[in-house]
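Worksheet for the structure shown next.
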Amino acid sequence: MAVLELQNITKRFGAATAVDNVSFEVERGEVVALLGPSGCGKTTTLRMIAGFEWPDEGRIFIGGADMEVRQPYDRNVGLVFQDYALFPHMSVAQNIAFGMKNRGVPRAEISRRIDEVLEQVQLPGIAGRRPSQLSGGQQQRVALARALVTRPDIMLLDEPLSNLDAKLRLQLRREIRNILSTFDCTSIIVTHDQEEAMGLADRIVLMNRGRIEQVDTPHALYQSPKTLFAADFIGHANWIGGTLSRRGGGAGVVETALGSVAVAPGGIADGAVTLCIRPERLALVDGEAGADTRLDAVVERHDPIGADLRIWSRLKDGTLVQSLEKNVGRDLPAPGSAVTLGFRAADCIVLPGARP
Amino acid sequence: MSGLSISKRLADALFEAAYLSLITLFIAFSVIPVIVAVVLSFDARSFIGPFPPKQFSLRWYESFLADSYYRDGLVTSLILATVATLIATIAGTLAAIALSRATFRGRAALQAALLSPLVVPNVVLGFGMLIFASRLGIIDGMTRLIMGHVLITFPYVMRTTAASLVGIKASYYEAALSLGAKPWKALAQVTLPLARTGILAGAVFGFVTSFDDVGVSLFLTDAYTFTLPVAILAQMRANLDLTIAALSVVFIVATVLLIVLLDRLAGLDAIVGRGVYGR
Ligand SMILES: Nc1ncnc2c1ncn2[C@@H]1O[C@H](COP(=O)(O)OP(=O)(O)O)[C@@H](O)[C@H]1O
Ligand SMILES: [Mg+2]
């Protein structure tokens with residue numbers, strides 16, 4: 001059974017709808033990322049799960065129990081705030097003990113668990129310090145420890161890495177992942193950073209303007225986005241607009257300004273569509289092999305990005321496209337030279353609707 | 001080019017000089033009366049003569065201690081200020097917390113109403129309280145005084161507490177709730193300790209205001225219960241002598257002691273300057 005279940009949750013602030021008919025489930029032990037641009041309703045969703053906001057419509061179940069009239073202190077959730085919210089007038093040990101005292105854990109057990117949890121977050125020996133004496137990364141881990149030590153049904157983390165600098169963020173991402181799996185803790189991580197979501201989560205709930213766009217594994221979200229927003233938000237993409245029509249046998253063709261493109265349209269209805277080709281699926285072609293669709297282009301410039309080279313080329317209709325080539329020492333066409341770019345029908349994602 | 005910069009430097013120097021003399025003047029104005037009072041309180045003459053005195057004695061202090069009128073006033077003032085401050089601190093803190101969470105429409109109006117004793121003249125408050133108390137049938141001097149003094153000390157506590165609550169992030173309280181603390185416990189163990197500098201500062205201002213008040217007390221004292229400032233005022237009319245200077249020194253010493261005590265308890269820095277946990 002799902003540890004957490006949201007059923008058709010809607011939340012309005014005045015006339016604005018912050019969360020619009022959101023439903024999803026989180027299974028035991030799963031780490032789910034709530035991903036989306038700033039202002040899309042992630043924090044509001046999290047606060048409704050924690051009990052600080054009340055949904056206008058819909059129901060929330062935690063461990064099978066309806067949360068409709070359950071106050072925050074009666075829900076067994078562990079919360080890690082964006083600003084950590086460690087109590088500044090208490091030591092690290094007192095911070096960690098706070099939740100256990102409220103939940104009636106015996107005194108001897110409390111001090112044993114403090115030592116244990118500090119060990120687990122790799123901060124032994126800081127029990128006596130004040131939060132202000134800790135670095136951002138240490139505060140972050142103490143906040144995690146404080147929430148985890150009460151053994152919550154579900155952990156909720158709001159932008160846990162946003163207050164840290166880039167290098168520390170990468171390191172702590174890995175550590176959070178390890179800590180959460182050590183505790184085998186069901187978790188929701190709110191983030192606006194797609195890489196963070198991809199790196200931390202088993203599944204991603206992608207939100208946009210209060211609504212869910214897609215719920216999928218990170219791989220599936222990248223590989224087969226279902227909407228223009230999803231394809232745009234995650235990873236890089238090249239876009240070609242056109243009109244889909246089907247021939248017999250499920251094969252489709254999209255008429256574009258650059259000619260016909262053979263595609264595998266899946267369940268998408270005929271009409272206006274946008275083709276999304278990931279840069280690594282768009283290749284320089286010479287000879288006949290490999291590509292179902294070929295496009296003439298002129299190379300504009302190269303961006304060396306380490307293991308890969310990003311080549312920017314302009315198509316005949318003026319669209320700038322990017323393609324990735326492995327940096328294996330091969331000579332690449334110089335800027336200004338005419339090339340042919342190609343992709344396979346299977347590598348072309350067909351998305352409903354035209355790009356604005 | 002250089003002529004310009006010289007005249008500019010001259011202007012700067014003039015400005016600085018004017019600025020410094022203004023400050024000096026200001027300090028002189030506030031300190032000289034205190035010095036005069038302290039020196040005069042040790043004057044050995046039996047009349048108020050030219051300054052400075054030639055001989056010194058403790059006679060005015062003896063006169064103060066011997067005078068039961070002043071002693072009674074001092075005791076009343078101390079009890080009154082303590083009780084009124086205690087009540088006002090509890091009520092003011094609760095009011096500030098309630099207002100900080102309130103979302104209803106009249107919130108700002110209610111806050112203004114609760115703070116209004118700060119801007120209403122004390123004589124008006126005292127007269128109002130006198131009428132109010134007599135309507136309620138309260139004729140006991142101490143009870144009336146406490147009512148009046150709670151009225152004037154309460155806004156200080158409420159205001160400083162409200163100000164320090166603004167600086168406390170909502171996430172502390174919410175973190176406490178999500179860690180299983182009931183609202184009252186979250187308030188008592190997290191919010192209040194974080195707001196304590198504001199509460200303490202309000203209590204100090206409130207105490208001093210109460211101790212110092214004449215306007216309100218004038219209406220609410222009776223023949224048996226009167227405060228020290230009221231006693232001084234009455235004596236000043238009847239027979240002006242330097243006992244009042246000795247009293248002023250007692251006042252000053254008491255205030256300094258209070259400040260030192262607070263510094264020990266909470267750190268003066270925290271009370272008058274930035275908050276302990278402020279960023
Ligand atoms: N307490 C509130 N009052 C009014 N509007 C709010 C409140 N909280 C959030 N909102 C609005 O709801 C929308 C979603 O906010 P939020 O959930 O914080 O987004 P996110 O966390 O995804 O950035 C935003 O437009 C925000 O302005
Ligand atoms: Mg947010």
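Throughout, a chain's letter reflects where its sequence line sits, starting with A, and its residues are numbered from 1. Nothing here was measured: the structure is a model prediction, and the numbers come from that model.
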Salt bridge (Lys or Arg N to Asp or Glu O under 4.0 Å) against A:Asp20, all qualifying residues, sequence neighbours excluded: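 Only A:Arg211 meet the salt bridge (Lys or Arg N to Asp or Glu O under 4.0 Å) criterion with A:Asp20.
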Interatomic distance, A:His89 atom NE2 to B:Leu194 atom CG [nearest 0.5 angstrom]: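 A:His89 atom NE2 to B:Leu194 atom CG measures 5.0 Å (nearest 0.5 Å).
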Distance in Å, B:Leu179 CG paired with A:Phe87 CZ, rounded so as to fall on 0.5 Å steps: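 Here the rounded value is 5.5 Å.
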Shortest non-hydrogen separation from A:Tyr73 to B:Ala181 and the atoms involved: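 Residues A:Tyr73 and B:Ala181, closest heavy atoms: CB-O, 3.4 Å.
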Residues from residues 94-121 of chain A approaching chain B under 4.5 Å (heavy atoms):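 If one takes a 4.5 Å heavy-atom cut-off, the residues of residues 94-121 of chain A near chain B are A:Phe98, A:Gly99, A:Asn102, A:Arg103.
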Which portion of A:Leu156 sits near chain B, non-hydrogen atoms under 4.5 angstrom: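 Neither part, no heavy atoms under 4.5 Å.
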Atom group of A:Arg47 that falls short of 4.5 Å from chain B, counting heavy atoms: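 Only the side chain of A:Arg47 comes within 4.5 Å of chain B.
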Per-residue contacts, residues 154-178 of chain B versus chain A, heavy atoms under 4.5 Å: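 Interface residues of residues 154-178 of chain B: B:Lys169, B:Ser171, B:Tyr172, B:Glu174, B:Ala175, B:Ala176, B:Leu177, B:Ser178.
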Neighbour count >12 (heavy atoms, 6.0 Å) for atom CZ, B:Phe132: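 It does not: B:Phe132 CZ has 12 such atoms or fewer within range.
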Do any side-chain atoms of residues 54-61 of chain A form donor-acceptor pairs under 3.5 angstrom with protein atoms, and if so which ones, sequence neighbours left out?
residue: A:Asp56; atom: OD2; partner: A:Arg12; partner atom: N; Å: 2.6
residue: A:Glu57; atom: OE2; partner: A:Arg12; partner atom: NH2; Å: 2.7
residue: A:Arg59; atom: NH1; partner: A:Asp66; partner atom: OD2; Å: 2.2

